[in-house]
2 protein chains.
Amino acid sequence: MKNPIEHLNKIFDNRVRLGVMSVLMVNEEINFNDLKQMMDVTDGNLASHLSTLEEHAYIRVHKGFIGRKTNTTYAITKAGEKAFKEHIEALENMIKGIR
Amino acid sequence: MKNPIEHLNKIFDNRVRLGVMSVLMVNEEINFNDLKQMMDVTDGNLASHLSTLEEHAYIRVHKGFIGRKTNTTYAITKAGEKAFKEHIEALENMIKGIR
DNA sequence: ATTGCTACTTTGTAGTACAAAGTGCTTTTT
DNA sequence: AAAAAGCACTTTGTACTACAAAGTAGCAAT
């Protein structure tokens with residue numbers, strides 16, 4: 001019998017990082033505050049998870065403006081998309097084993 | 001836009017616990033050593049995750065014998081099945097949002 | 001008598017998650 | 001002009017977690 005978890009990515013064990021990635025898979029970009037409200041986390045907590053994802057080059061940051069207000073947006077990278085797809089595939093295979 | 005992770009169960013964030021549960025969904029029961037080899041973890045590590053799952057009443061332990069050798073087996077409980085199914089459903093909904 | 005197996009428990013460490021408070025900059029309100 | 005508020009963090013501190021490694025108890029095989 002084979003290991004059902006060997007292809008899961010450790011970075012995506014965490015729910016906040018998993019959620020951020022799943023949001024970024026379907027949204028070209030999203031800003032800090034929307035993400036914060038969506039995930040219902042404190043800003044410090046969100047920032048630390050975002051920087052973990054950035055360190056792994058799974059997301060990319062863009063500091064811009066809306067009018068004169070700062071607006072930081074986040075987008076998924078190619079590497080992030082690849083890693084996340086592989087994780088999802090591993091999850092699906094695990095789930096398939098259950099059905 | 002809605003929170004993609006609110007229905008995920010924190011207990012199943014961990015890969016080892018996730019793997020154990022997924023194995024127990026398809027196997028009536030499984031023993032300690034098989035689980036250990038399958039998940040490729042140290043025995044202490046496995047034991048601690050198993051006891052977390054037991055504390056939450058997601059699995060049940062049965063200490064038996066094969067011949068004269070001790071053989072501890074683990075099985076999923078009704079509550080464990082329910083919690084895990086809900087987690088899987090939440091994961092599937094998250095994934096569905098991506099496709 | 002020693003070694004080995006099973007299923008742990010104990011110990012210790014490094015890493016993680018998180019809240020809360022603080023920061024620097026800008027904008028809005030008074 | 002001064003104060004309050006918003007943005008996107010950083011810093012600090014704490015509690016929790018994952019994990020390896022070593023130790024343990026009971027039994028079996030050599």
Side-chain angles (χ1 to χ4, degrees), chain A residues 1 3-6 8-24 27 29-56 58-75 87, chain B residues 1 3-6 8-24 27 29-56 58-75 87:
Chain A
M1 204 178 240
N3 187 337
I5 60 165
E6 62 179 334
L8 294 177
N9 187 329
K10 277 181 190 174
I11 305 299
F12 305 140
D13 275 8
N14 177 270
R15 56 213 289 94
V16 175
R17 292 195 294 266
L18 193 71
V20 168
M21 292 300 284
S22 88
V23 167
L24 289 182
N27 295 89
E29 57 176 19
I30 188 160
N31 70 32
F32 189 87
N33 272 317
D34 288 351
L35 220 36
K36 183 180 133 185
Q37 279 160 40
M38 206 183 298
M39 313 291 290
D40 192 31
V41 286
T42 57
D43 53 358
N45 192 6
L46 178 58
S48 87
H49 286 304
L50 288 172
S51 87
T52 298
L53 290 172
E54 206 196 343
E55 276 161 33
H56 285 83
Y58 289 167
I59 64 172
R60 135 173 51 83
V61 183
H62 179 248
K63 285 161 195 292
F65 293 88
I66 289 185
R68 294 260 177 99
K69 271 193 185 173
T70 59
N71 185 60
T72 306
T73 60
Y74 300 87
H87 183 75
Chain B
M1 203 176 241
N3 187 338
I5 59 165
E6 63 180 331
L8 294 178
N9 187 329
K10 276 181 190 174
I11 304 299
F12 305 140
D13 275 8
N14 177 272
R15 57 211 291 93
V16 176
R17 291 194 295 265
L18 193 71
V20 167
M21 291 301 283
S22 88
V23 166
L24 290 182
N27 294 90
E29 59 175 18
I30 188 161
N31 70 32
F32 189 87
N33 271 320
D34 286 351
L35 221 35
K36 184 180 134 186
Q37 278 160 41
M38 207 182 298
M39 313 290 289
D40 193 29
V41 287
T42 56
D43 52 358
N45 192 7
L46 177 58
S48 87
H49 287 303
L50 288 172
S51 87
T52 298
L53 290 173
E54 205 196 344
E55 276 160 34
H56 285 83
Y58 289 167
I59 64 170
R60 137 173 50 83
V61 184
H62 179 249
K63 284 160 196 293
F65 293 87
I66 289 185
R68 292 261 177 100
K69 271 191 182 173
T70 59
N71 183 61
T72 307
T73 61
Y74 300 88
H87 183 76

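In what follows, chains are A, B, ... by sequence order, proteins preceding strands, each numbered from 1.
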Cut-off 3.5 Å, no hydrogens considered: what does the side-chain donor-acceptor table look like for residues 33-48 of chain A, sequence neighbours left out?
unit_1	atom_1	unit_2	atom_2	d
A:Thr42	OG1	A:Asn45	N	3.4
A:Asn45	OD1	A:His49	NE2	3.1
A:Ser48	OG	A:Asn45	O	3.1

Quiz item: C:dT9, C:dT27, C:dA17: which one has an atom nearest the side-chain heavy atoms of B:Ala47?
Solution: C:dT9
Quiz item: Under the 3.5 Å rule, do the base of D:dC7 and the side chain of A:Asn33 count as making a donor-acceptor pair?
Solution: no
Exercise. Name the nucleic acid region contacted by A:Asn14, choosing base, sugar-phosphate or nothing; use a 4.0 angstrom heavy-atom cut-off, strictly under.
Key: sugar-phosphate
Exercise. Check whether any side-chain N or O of A:Arg17 sits under 4.0 Å from OP1 or OP2 of C:dA17, and answer yes or no.
Key: yes
Practice problem: Mind telling me whether B:Tyr58 and B:Phe12 have parallel, tilted or perpendicular rings, with 30° and 60° as the class edges? | Solution: tilted
Quiz item: Taking the side chain of A:Thr70 as heavy atoms from C-beta outward, which of C:dC18, C:dA7, D:dC7 is closest to it?
Solution: D:dC7
Quiz prompt | Relative orientation of the end axes in the helix from C:dA1-D:dT30 to C:dT30-D:dA1, expressed as an angle to the nearest 10° (five pairs per end) | solution = 10°
Practice problem: Determine the contact category for B:Asn71: base if any of its heavy atoms lies under 4.0 Å from a base atom, sugar-phosphate if only primed atoms, P, OP1 or OP2 are that close, otherwise nothing. | Solution: sugar-phosphate
Self-check item: Closest to side chain of B:Arg15, choosing from D:dC19, C:dC5, C:dA7
Solution: D:dC19
Quiz item: Within the pair B:His49 and D:dC19, is there a side-chain N or O less than 4.0 Å away from OP1 or OP2?
Solution: yes
Quiz item: Looking at the side chain of A:Asn45, which of D:dA8, D:dC19, C:dA19 is the nearest nucleotide?
Solution: C:dA19
Practice problem: Apply salt bridge (Lys or Arg N to Asp or Glu O under 4.0 Å) to B:Asp13 and list each qualifying residue two or more places apart in sequence or on a separate chain. | Solution: A:Arg15
Quiz item: Given C:dC8, is OP1 or OP2 found less than 4.0 Å from the side-chain N or O atoms of B:Lys63?
Solution: yes
Exercise. May I ask you to verify if any side-chain N or O of A:Thr42 is less than 4.0 angstrom from the OP1 or OP2 atom of C:dC18?
Key: no
Quiz item: Hey, does the side chain of A:Ser48 come within less than 4.0 Å of D:dT10's phosphate (OP1/OP2), counting only N and O?
Solution: no
Quiz item: For B:Ile30, does its backbone N or O pair with a side-chain atom of B:Asn27 as donor and acceptor, under 3.5 Å?
Solution: no
Practice problem: For A:Lys36, report the nucleic acid contact type (base, sugar-phosphate, nothing); a contact means any heavy atom under 4.0 Å. | Solution: nothing
